[in-house]
Each structure stands twice: as C-alpha cells, then as structure tokens.
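Here the structure comes first, spelled out in structure tokens, and everything after it is commentary.
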Amino acid sequence: MSGEADAKQSEKCRFWLLDVNHEPRDGKPEIWMWGVDDHGRRVLVIDRNFAPYFYLVLGAQETPETVLERVRRKQAELPSVEGFELTVRRFFGQPVYAIKVLCRNPDLVPELAEALSGVVGVERCLEGDVRYSMRYLVDNDVSPCGWLETEVAEEDGSGIQVDRVLVAKSAPKRIQMETTPKLRVLSFHAVYHASRGTPKPDRDPVLVVATVTDRGERKQFVAEGADDTFVLASFVRYVRQYNPDVVVGFETNRLHWQYLAARAKRLGVDFSVDRVGMLPHTSVYGHVSVTGRTSVDVLDLADELPEVKVKTVENLADYLGVKELGKQTVIDETEYASYWDNPSKRSELVKFAKERAECISGVFNAMFNYEAELSRLVGLPLDHVVKAAVGFRTEWYMIREAFRIGELIPERTERPYIPYVGGIVLSPKPGIHENVANLDFKSMYPSIMVEKNVSPDTYLQPTEPEPPQGVNIAPEVGHRFRKEPPGFYRRILTSLLAARGNVRQKMMNLSPRSEEYRLLDARQRAIKVITNAVYGYAGWIGARWFRKPVAEAAAAWGRETISTSIELAKQMGLDVIYGDTDSIFVKYDPQKVEALCRTIEERLGLEMKPDKINKLILFTEAKKRYCGLLPDGSLDMVGLEAVRGDWANVAKDTQEKVLELVLKQRSPDKAVRFVREHIGRIRKQKVSFRDLIIWKTLTKPAEQYEVNAPHVQAAKMLMKEGWELAVGDKVGYVVTHGAGKLYERVKPYVFASYGEVDTEYYVSNQVVPAALRILSLFGVDEKALLEAETPKQSRTLADFVT
DNA sequence: GCGCCAACAGTACCA
DNA sequence: ACTGGTACTGTTGGCGCG
C-alpha cells in the first residue's frame, strides 16, 4: 500500500473518552473506546494492536538467559503466547529481571501465568491481574474524562449506536484540552408495584418510569392497568432514540437494571438499552455496565457526602441545594401499591416519580465535575470510579505512577490484620473558653511521608545494613527508611501536592462563580482526597503496596510532631486547651500564635496555621466533641449528638438550640427554659412524627447479630413483611409504649402510628441526655429539666467562661 | 427472683 | 474493603442479696 493511499484512508481523531471495554473478536482482543469527538459526534474507536501481557520475575541468583530459555521451551505447549521479552524492572525499589509474556487473549492470562510460574528460576508472576482495558489506558497514559488523539480509519459500524466507528492506526495520545463536550444525559426513576414487601420482577409490574434529559425533556411511561409491557417497551425505545452518553438513576446497580431487565425478559420485551444491542451486565466493584454508555448510580455519589445521613434522593438534592423541595411529597416505597391501587391517587405517584427523576438529574449535575476530575486523575472510567472505594482509587493512581517509573505492581495477597498505634488525642479542658484558635498542620501525614521518605520501597528490614546515604529512623517504633533515592510514596505525594498547588494558584485569578473556577475547584478537591488517602492506604492490609512499618512510622512521626508542637506552645506561654492528631487548640494570642507557627515551621519543616478562630468554644469532659462559635456567628458542632445520624431529630434539634442559646445568646437559663418547653411539646405530640425516627445502619445480616439491638429488631419486622434489607441499609424505627426491653418496644416507622409512640422515651433517653451533654456544664441536672420550675439564681455565661 | 454493674456489642463520629 | 482513637447506648450475664 502506498503512503498516499494510506493517508487518504486515515485521519486524526480527537475525542473525549467516556468509557472503555474490551471485546474478543475472532479470538483476538479488541479495545473499544467510547467517546465524543471534537465535532460532537459519538464515536467508537477500536484498537486491535495491543497485546495483553504479564511478567515473570526471576530470582536474584538466576541467569536471566537461562530462565528465558526454559520458558521458551514451554512455548510450544502454549499456543496463546505471542512472545517473550527480557526486561529489567523494579520490585519494591529493587532491580529485578522480568520476562514480559505477551499473550493473544486476555482471558487466558491467568491460565498462562499459572502454567509458567512453575518454571525453575521464576520467583513470582506479576500483573496478570491487571484488567486488559485498564492495562491499555495505563500503558498509553490516557485517562477517561479527558481528550485523546489517534490516527484512525473509518469502518462499517452497523448495529452500533454511534455516529462513527473508527479503527485506531496508532496508539492514542493524551492531549491538553480543558473543555468537556456537551454530554447527553438521561436520568430516570422507576416505580414498581410493591404488593407484598420488596417488589419481585416475576410478580410485580413496573408502574411508572419517569425520565428527564439534559435538554429538559421530561417523559413518564405509565402502566395501563396491570399491563406494563408498554412501559418497558417505550422506555427502551426512548433510550435508544435519545441515545444518551450517560444514564443516571438511584439504586440502579443494586435494583433497577436488574429489575427492569428481568421484568422485560418475563414480558418478552427486548431490553437492550446499551449501544451494542446487549443487556446491562455486572462488572467490577458491583457496578452494572451498559456498554457504550456511562451508567451512574446516584446512591454511589452519596458516599462522597457523609453529611447526608439518610441517603434518599431528596436528602441528597436538598443538601446540594438542587431544587426547591419544600412542597414535594415523598412517597415511601411501602406506600407505592396503595397509591397505585387508588385511582384518585395514581397521578400523585406519577408526579412523585417525575420529581424524583429531576432530583436524580440535579444531584448528578451537582457532582459531575468532581467525579469526572477524579476519573481523569486516577484513570478509572467514570462509572467505575464512582463505584470504587477510596483504597482502589488511590491504588489506581499508584499503578499509573508505577508504570511510569518501571515499578512492578505487587499482587493482592491476604494477610492477617494486626493493628498499630495511631494519633494522639488530648483530654480537653472542659468548659467555655473565649478566643481559641484551632491550629492545624497542613497535610501532616503526606508531608511527613515526603520529608522522611517513608515508603514501602525505602523501608529497611531490621537485618539490612545501613546504606551510605543514611536513614531516617522513626521515633518509638524504630523503623528505618533510606534517605535516598526518593521513594515511591514520596514521588506520588510530591507530584500530588505540587499539582494541587498549581491548580489552587490558577484559581486565585478567577472569579469563584466562573465555570473554570468550579472545574478547578473540583480538580483540587479530587487531588486532595487522593493525597490524604495515601497514609490510610499504606496501612490497609488489602493494599498491593502494604508495608505495616510504613503506616506505623508515619503515625509515630505524627505523634512526635504534635507532641513537640504542644511543648513549644506551652513554652511560649500559650494555653493548650485541646488537641487531636494534627491539630491543637490554643488561647488566641495573635503574636504568640504567629511566633509558634513560625517556630514549628523552622524546627519541624511542617506548615501549621490557624484554621478557625473561635469567639467561644465549649468542651465537655469528652474527647472529639465540642462546639465553637465562629466569627461569622455560626456554630461549629463537632462530634456531638447534633451532628450524629443515629439520634432522633427531636434530640438533635434540641441540642443545637441549646448550643445557640448558650453560645450566641450567652444564656444557659434561656436554654433550660427552652428544653422544658420543648419537652412539653413532645409530651403533647406537637412535634412532627418524622422527628421521632431513629436511623441506624444494618452492618451485617440481621440473623448474625449477637445481641437484640433495637434497629435489628425493627429490621426483622420489616423482613417479616417481605421487605428485603441489605447490609448497609439504614433502618428507621420509633419506640412505642409497652413493657420489657427497648428492643421489644420498637417498630419500623412505616408500621407505627403516632398514637403508639412512647414520648417519655424520647424525653428521657433522647432529648434530656442531648441537652444535658451541654447544660450539665452549668450545673443543670435532669431534675431541673423535668420537674416543676423552682425559682433560682439567674446566671449569665460570664460566670462560666474561662 | 431482683437490682446492680461491668463487660461487651454495636454504631458513628474525629482526625 | 484507607487508618486508629474515641464516646456513647443498650444488651447480657454474673454477683450479691434476701
């Protein structure tokens, strides 16, 4: 073929990578990259030129050529081997010889690895567990949610729902482009007839599927009588017609894809909602994939928002300020059937589904930038990064760095769990303090790990001699780390810290309201999360690069750091009121605090600065619980019942109000009066029923509990009525009248009426303890809150402030 | 058999 | 399925008592 002819056929394609998967075609593997090109066309770029591979690592004493020869001799028995390459890599920093085994078929890699690991001289087999499509992205240094460029030729693409199917003629290259193409996003919510507990696709029809697109088109597909064939068929038709890049739902991974597909199968409806005419299928991390589209479950996004305690779509939307939710009626799943079965209420159910689809869309939009940045940073496709836990995100970032520096990726192994000592927490000085600065170390653990070169590859075993470059020795635990060369973790953390610094620098010249600022903010947040996770990752027994002394040493240096800071503060005459891990609370004397921070930076090489200045701050006897009054007049409630998800709202709200009256109005007396009045309202059932619900998470299957915990009892009652509960679900219950143990008196809130609620329980076990947590500092006791008012000396806060 | 209490189980928080 | 440190509620079962 002449060069000219070739040039006519091939062209450059620039595309934003949405998703990647691999397809075996005639026994040969293909990488399929789904994207949107710079003309807004949907493209599928296929690469047929990437061989899967793994490494055979040789023992240190072996002659590499000899082992290679032994391995070669086996090739005849192993037809799927494409070839061998002798290479030098590093494993935990040590140079090793490794044979790179190139294969024809990624699915046969584990089998081949097994067959070849037995060859004499082969010490271990590595990287056979890196998925082929991820291997491709890593080796080409390209990321999803970013732009790529490659030489392509167009190919016939019948049966595939994109504008162009292209074959890559060159390896893709990452290109610098900051824009995000306009993605087609379809959000949906489905409602099923829940006739007897959790709906079953074999029994219960789909009542409504409500959709909303990024263009604002809203549709509701509603069952006619008991016939839902139409609902499914028209939903599928609509998805195919709109052809979204992203499909968003709530509980899609756990529920909807499986349910809709099963229901469609039963009704004989073709449920191929993807871009290749196949059904949704289960993929890694428990994610359900829709080939060619990105399927996002808003429930997974909720994991990023720990402030939202009960993860309903509405709570998420409300927290993100997505929508005016004031007037929206939320219909509980347990009520779907009764709404549907009552013709006059059906339209309310449809309206609810429609509004929920809109909330889902809103939550996705609010979080898209962040998730896309995370995807680009760690290199996992958007739908996978959303589902992946922090440890895996961090690890994928590391895998990319490892590839760049020729470091082999360790295998995942099972190890025993042995805990180690962590950070220091001081007992606070109880009471109310005026003008207290909260001094924080900036990225303490990452900075220590960089500074001391703490890393799995710089760690010296106790038996190893000290290298000429010298070592850093961790206090208390004595672990030694080479000062040079820079360790794997140091490289990773240095580049992350620098990258975040650059982004933050750029942000300073932008208006916080600009789109670019918001994008960069999402980027710096993503970088921060990964940076801060590296220490935790190092101590995670599931980590590929786990070395217990690494985490243990970082923690020990952390303790030394905070102890030294406390000492210095005291020496400078600063009153230390509290401290936890990487922060100290001192009486705010601006000059002294500034001097302290300067000294610490000089002496320890770590940056410490005032984070918050509290006008007032309240501590009880307990660690990890306090409330500050900030200069802007807001309360910073930490650890207290008011910020916990497992106390009834009546108690949380009471405590918050008490804190306001005490700290803002400086009146414990008013707070006592408020609590007494509020108790009166509770006894008269004047508070909302919803505010009496206690939510607790089911952390294991209900049968496996050793004690009769109230929320488990409530869970069992739900299960008895046919409701399926999974580990991780929150159970909402109320306490009712009756005799015996608490667990004998609880009911799932959906089964209880206000009349049966034991308000006295809420008074004495929720509201009073939450209020006394604060008010006992002022000599208030239970009696003062519960018994008839006795005239007493009125006190002001001044009597208590120190 | 009853009340008391320490140990334990369980959950959710802070850094 | 990132770490350890911590507070706190409610259950359980042993103990002394009568």
Side-chain angles (χ1 to χ4, degrees), chain A residues 284-286 303 306-307 309 387-395 397-398 412 414-415 417-428 438 440-441 443-446 449 529-546 548 550-556 558-559 561-562 578-585 611 620-626 636-648 651-652 694-700 702 704-713 727-728 730-731 735 740-746 761 764-766 769-770 772-773:
Chain A
V284 284
Y285 310 119
D303 291 343
E307 299 91 339
K309 308 296 175 187
K387 188 80 196 153
V390 180
F392 293 104
R393 294 173 178 179
T394 310
E395 191 154 88
Y397 182 84
M398 292 183 176
R412 215 170 263 303
E414 293 233 352
R415 336 180 146 82
Y417 167 68
I418 306 161
Y420 62 89
V421 184
I424 289 176
V425 190
L426 301 186
S427 286
N438 172 356
D440 275 357
F441 276 105
S443 310
M444 186 185 74
Y445 287 129
M449 293 170 85
V529 164
I530 300 302
T531 311
N532 290 342
V534 171
Y535 159 72
Y537 173 87
W540 172 39
I541 54 169
R544 289 175 189 266
W545 278 280
F546 174 79
K548 190 181 149 204
V550 169
E552 199 168 31
R559 292 194 295 277
T561 300
I562 200 73
Y578 177 61
D580 185 349
T581 311
D582 64 351
S583 69
I584 56 174
F585 292 64
D611 175 26
T620 68
E621 301 271 344
K623 297 170 175 180
K624 298 191 183 274
R625 304 182 141 220
Y626 56 86
D636 181 26
M637 298 178 285
V638 179
L640 296 164
E641 284 77 0
V643 296
R644 292 180 62 97
D646 57 350
W647 284 72
K652 298 172 56 161
I694 299 166
W695 295 93
K696 278 197 166 76
T697 308
L698 212 56
T699 59
K700 49 183 161 180
Q704 283 177 23
Y705 280 82
E706 290 184 30
V707 295
N708 294 300
H711 73 296
V712 179
Q713 200 57 33
V727 170
K730 277 226 160 48
V731 183
V735 177
K741 297 281 192 187
L742 184 60
Y743 67 82
E744 297 169 294
R745 299 196 281 133
V746 298
Y761 169 84
S764 59
N765 293 51
Q766 292 273 324
L772 283 183
R773 193 85 56 217

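Quick caveat: nothing in here was measured; it's all calculated off a predicted structure.
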Worksheet item: NA contact type, A:T697, heavy-atom cut-off 4.0 Å: base, sugar-phosphate, or nothing?
Response: sugar-phosphate
Worksheet item: Counting any heavy atom closer than 4.0 Å, what does A:F585 reach on the DNA or RNA strands: base, sugar-phosphate only, or nothing?
Response: nothing
Worksheet item: Heavy atoms under 4.0 Å, any strand shown: does A:A551 hit a base, just sugar-phosphate, or nothing?
Response: nothing
Item to complete: Go through the side-chain N and O atoms of A:Y445 and A:T561 and say whether any donor and acceptor fall under 3.5 Å apart.
Response: no
Item to complete: Could you check whether A:V534 gets within reach of a base, just the sugar-phosphate, or nothing at all, counting any heavy atom under 4.0 Å?
Response: nothing
Worksheet entry | For atom NZ of A:K730 and atom P of B:dG10, their distance in whole Å | 17 Å
Worksheet item: Just checking A:K624: base, sugar-phosphate only, or nothing, at a heavy-atom cut-off of under 4.0 Å?
Response: base
Worksheet entry | Intra- and inter-strand pairs of DNA chain C in dot-bracket (Watson-Crick or G-U wobble, both distances under 3.5 Å; | for another strand) | ..|||||||||||||||.
Discussion item. Return whichever of A:G542 or A:L426 has its heavy-atom-nearest nucleotide of DNA chain C closer to the 5' end.
Written reply: A:G542
Worksheet item: Which is true for A:R773 with a 4.0 Å heavy-atom rule: it touches a base, it touches only sugar-phosphate, or it touches nothing?
Response: sugar-phosphate
Worksheet item: Counting any heavy atom closer than 4.0 Å, what does A:R625 reach on the DNA or RNA strands: base, sugar-phosphate only, or nothing?
Response: sugar-phosphate
Practice prompt. Tell me, please, whether A:Y578 has A:K623 positioned over its six-membered ring: NZ or CZ under 6.0 Å from the ring centre and within 45 degrees of its axis?
Written response: no
Discussion item. Using a 4.0 Å heavy-atom cut-off, does A:V643 contact any base of the nucleic acid, only the sugar-phosphate backbone, or nothing at all?
Written reply: sugar-phosphate
Worksheet item: Whole Å only: how far is the OH atom of A:Y445 from the P atom of C:dC2?
Response: 17 Å
Practice prompt. Report which part of the nucleic acid A:N765 touches: base, sugar-phosphate, or nothing (heavy-atom distance under 4.0 Å, all strands).
Written response: sugar-phosphate
Item to complete: Would you mind classifying the nucleic acid contact of A:G539 as base, sugar-phosphate or nothing, using non-hydrogen atoms under 4.0 angstrom?
Response: sugar-phosphate
Discussion item. Categorize A:K309 for me: base, sugar-phosphate, or nothing, with a 4.0 angstrom heavy-atom threshold over every strand shown.
Written reply: sugar-phosphate
Worksheet item: What nucleotide, of C:dC2, C:dA7, B:dG10, holds the atom closest to the side chain of A:A389?
Response: C:dC2
Discussion item. Using a 4.0 Å heavy-atom cut-off, does A:W647 contact any base of the nucleic acid, only the sugar-phosphate backbone, or nothing at all?
Written reply: sugar-phosphate
